[in-house]
Amino acid sequence: MGLLLGSGNTKPQYPYDQWYGVQGDFNSQDYKLKRVGNLDLHRTLPIQAKLKRFVENPDGSVKYYLNQNDSRKKDSGATAVIDSTDGNVMLEKPEYYFKLEIEGTKWIRAYSEYPLPGFIKMERKTVSPWYATVDITNSVAVSGCWLTWNGDEIARDSDGFVILKANAAQFRGGSGAGDAAKDGTYNSMLGMPRTSISKAGVRPLCKNGTHHGAYRVYNEIAWLQRVEYASLHCQDAYTETLTADGFHQGGLGSGPVVNGTEWNTWGGYRPFVPCGVTATLGNNTGKVSYTIKGWTGGDKVVQITSYRGLETPYEYLWMLADDVLIWHKADVSIAYVCEDPTKFTSHSDSATTVPIGYEAITELPRTEGYVLSMAHSTKGYSFAEKVGGSSNKGYCDYYWTPTGGSTWSAVGWYGALLSATASYGAYAGFGCLTAGNRSSAATADVGSRFYRGFNL
């Protein structure tokens with residue numbers, strides 16, 4: 001495969017010892033991938049190790065990094081202010097170099113810290129490490145954590161309700177003002193992600209260079225996780241134990257799984273995990289327990305995952321992606337990506353032209369199902385190409401489309417929702433996509449992460 005002929009060698013010759021990656025097969029149903037490149041780099045994971053949380057200045061530059069093992073502290077060990085009043089809490093995805101190689105049915109995604117021949121630069125990007133909420137006083141999307149703590153445990157009052165910082169009333173999630181009556185109750189939306197708002201509604205709240213076109217950075221982090229675990233099955237059982245060869249194994253496990261009917265009873269599918277519950281993990285991958293009060297049948301304990309600082313990476317809320325549009329025509333469905341935030345649009349549902357700035361990436365399946373294979377672009381983008389997998393075959397994540405059935409006729413433009421919610425179980429994951437909602441979708445279980453791209 002051209003430059004990558006050194007794949008699989010433990011100690012390949014220069015420059016082959018400066019990259020690592022994974023190999024898959026378009027025709028394979030096996031979710032496990034082959035580690036290729038320098039296998040020592042699969043042990044040290046130099047690119048993944050640079051994912052880290054920080055507090056940003058208004059222009060997006062780093063004000064201070066947060067502690068590797070505890071995001072409540074600065075990198076220096078001093079106490080950090082992470083309630084957004086000192087700046088938004090963000091997750092830095094480092095720059096690196098990437099190359100896609102396809103030969104026959106096999107593909108390789110290769111990663112390097114160095115500008116090797118044929119590799120393209122993937123710029124530094126930053127994204128809110130958890131779903132964003134809104135500063136209702138200043139009408140601006142923010143990323144922060146308003147929890148208080150007793151040691152490493154979330155502080156709670158005599159009723160078991162979470163004790164938030166004094167300024168938390170300024171940061172109400174859910175439907176915002178519409179949920180004010182819930183303040184101080186078991187299903188309070190203070191300090192929770194903001195939902196029930198469309199893509200067009202989120203855009204004016206993203207200020208100082210932020211936006212919510214987060215598909216691109218989310219997709220990059222998803223592939224860094226797949227390389228780390230050499231697996232397409234992100235929900236595979238979580239273990240901290242390495243293989244005998246020193247590699248990560250398994251996956252990240254499930255998200256904060258709940259029963260949909262019970263969730264509706266508790267709060268009409270509103271958020272139930274406050275922003276920043278994994279602060280005690282810092283930039284490390286792991287899980288923390290969180291107790292939901294007032295659940296059907298009594299208190300409910302859920303497990304909250306963080307992948308190298310990315311909290312609830314999937315299986316909690318649907319995630320808006322303002323940089324993706326889907327055009328379902330009468331005979332073909334196409335995914336488009338826009339790299340210029342000034343051109344993000346919801347587009348008219350019935351438009352017959354492509355909006356300025358959006359580039360066609362690939363055709364999508366016309367029937368729904370578990371994703372069996374994905375199409376890959378030279379820029380690293382990936383979308384469902386074929387369905388026919390299962391919860392433990394192929395990509396192990398689900399793709400929805402409205403185009404199935406001979407009577408379907410709702411042609412036009414649709415938005416993209418990623419990740420899937422806490423009630424979708426095995427359907428959810430990094431590769432999950434529903435292409436069946438219009439851009440105006442604004443429901444209680446749909447949130448957003450805001451994002452900055454640099455040197456685009």
Which of Y215, Y399, Y336 passes ring pair (Phe, Tyr, Trp, His ring centres under 6.0 Å) with F383? Answer is Y215

Between E92 and K50, does at least one N-O distance fall below 4.0 Å, as a salt bridge requires? no

Backbone N/O of G144 and side chain of S84: donor-acceptor pair under 3.5 Å: no

Assess whether atom NZ of K287 is packed by more than 12 heavy atoms of other residues, nucleotides or ligands within 6.0 Å. yes

Side-chain H-bond candidate by donor/acceptor type, H328 with S333, under 3.5 Å: yes

Distance-only, no hydrogens or angles: does the N284 side chain make a donor-acceptor pair with backbone N or O of L281 under 3.5 Å? yes

K393, NZ: over 12 other non-hydrogen atoms inside 6.0 angstrom: no

Non-hydrogen side-chain atoms of S143 and W130 separated by less than 4.5 Å: yes

Which heavy atom in K379 sits nearest to a heavy atom in I120, and how many Å separate them? CA-CD1, 3.8 Å

Nearest 0.5 Å, please: how far is CG in N283 from CG in D70? 10.5 Å

Check the side chains of S28 and D30 for a donor-acceptor pair under 3.5 angstrom, ignoring hydrogens and angles. no

Which heavy atom in V288 sits nearest to a heavy atom in T278, and how many Å separate them? CG2-CG2, 3.9 Å

Please report the C-alpha distance between F450 and L205 in whole Å, then the side-chain angles of each, then the deciding distance to 0.1 Å, and finally whether the side chain to side chain contact (heavy atoms under 4.5 Å, CB included) criterion is met. CA-CA 10 Å; F450 64 77; L205 299 173; over 6 Å; no

Keeping K93 on the side-chain end and E123 on the backbone end, is there a donor-acceptor pair under 3.5 Å? yes

Start with the C-alpha distance between L39 and F247, add both sets of side-chain angles, then the distance that settles side chain to side chain contact (heavy atoms under 4.5 Å, CB included), and finish with yes or no. CA-CA 9 Å; L39 295 186; F247 303 135; 4.2 Å; yes

Rounded to the nearest 0.5 Å, what's the gap from OG1 on T403 to NZ on K329? Could you check? 14.0 Å

Any side-chain donor-acceptor pair under 3.5 Å between S382 and N219? yes

Donor-acceptor under 3.5 Å (R35 side chain, Q23 main chain): no

Among side-chain atoms of T243 and D245, is any donor-acceptor pair under 3.5 angstrom? no

Can you name the nearest heavy-atom pair linking S254 to T305, along with the distance? O-OG1, 3.3 Å

Once side-chain hydrogen bond (donor to acceptor under 3.5 Å, both in side chains) is applied, do any residues pair with S289, and if so which ones, sequence neighbours excluded? Q303

Closest heavy-atom pair and its distance - P313, Y218: O-OH, 2.6 Å

Straight-line distance of C338 SG to L325 CG, nearest 0.5 Å: 8.5 Å

Is there a donor in the side chain of T434 and an acceptor in the side chain of W318, or the other way round, less than 3.5 Å apart? no

Working for side-chain hydrogen bond (donor to acceptor under 3.5 Å, both in side chains), residues Y31 and D236: CA-CA 10 Å; Y31 63 78; D236 208 359; 3.1 Å; yes

Separation between NE2 of H212 and OG of S128, rounded to the nearest 0.5 Å: 11.5 Å

Distance-only criterion, 3.5 Å: show the donor-acceptor pairs between side-chain atoms of residues 417-428 and protein atoms not counting sequence neighbours.
from	atom 1	to	atom 2	distance (Å)
S419	OG	E315	N	3.3
S419	OG	L317	O	3.4
T421	OG1	S423	N	3.4
T421	OG1	S423	OG	3.2

In this structure, CG of N392 is separated from CG of L232 (nearest 0.5 Å) by 12.5 Å

Apply side chain to side chain contact (heavy atoms under 4.5 Å, CB included) to Q18 and F119, showing your working. CA-CA 12 Å; Q18 295 182 337; F119 283 61; over 6 Å; no

Give a yes or no answer on whether the side chain of W413 reaches the backbone of A351 with a donor-acceptor pair at less than 3.5 Å. yes

In terms of relative ring orientation, are F430 and Y314 parallel, tilted or perpendicular, with 30° and 60° separating the classes? perpendicular

Results of salt bridge (Lys or Arg N to Asp or Glu O under 4.0 Å) for D83 - residues two or more places apart only: K165

Working for side chain to side chain contact (heavy atoms under 4.5 Å, CB included), residues K125 and V127: CA-CA 7 Å; K125 299 180 177 70; V127 64; over 6 Å; no

Would you call the rings of Y96 and Y111 parallel, tilted or perpendicular if under 30° counts as parallel and over 60° as perpendicular? tilted

Ring geometry between W263 and F272 (parallel below 30°, tilted from 30 to 60°, perpendicular above 60°): perpendicular

Check whether the side chains of D323 and Y451 place a donor and an acceptor atom closer than 3.5 Å, and report yes or no. no

Side-chain donor or acceptor of R109 paired with backbone N/O of G380 under 3.5 Å: yes

What's the verdict on salt bridge (Lys or Arg N to Asp or Glu O under 4.0 Å) for R72 and D152, showing C-alpha distance, side-chain angles and the deciding distance? CA-CA 10 Å; R72 299 169 300 176; D152 287 341; 2.5 Å; yes

Salt-bridge present (E339, R216; N to O < 4.0 Å): no

Using every non-hydrogen atom in the two residues, find where R53 and S71 come nearest and quote the distance to one decimal. NH1-OG, 3.0 Å

To the nearest 0.5 Å, what is the distance between CG on L91 and CD1 on I221? 5.0 Å

Is the NZ atom of K207 crowded by more than 12 outside heavy atoms at less than 6.0 Å? yes

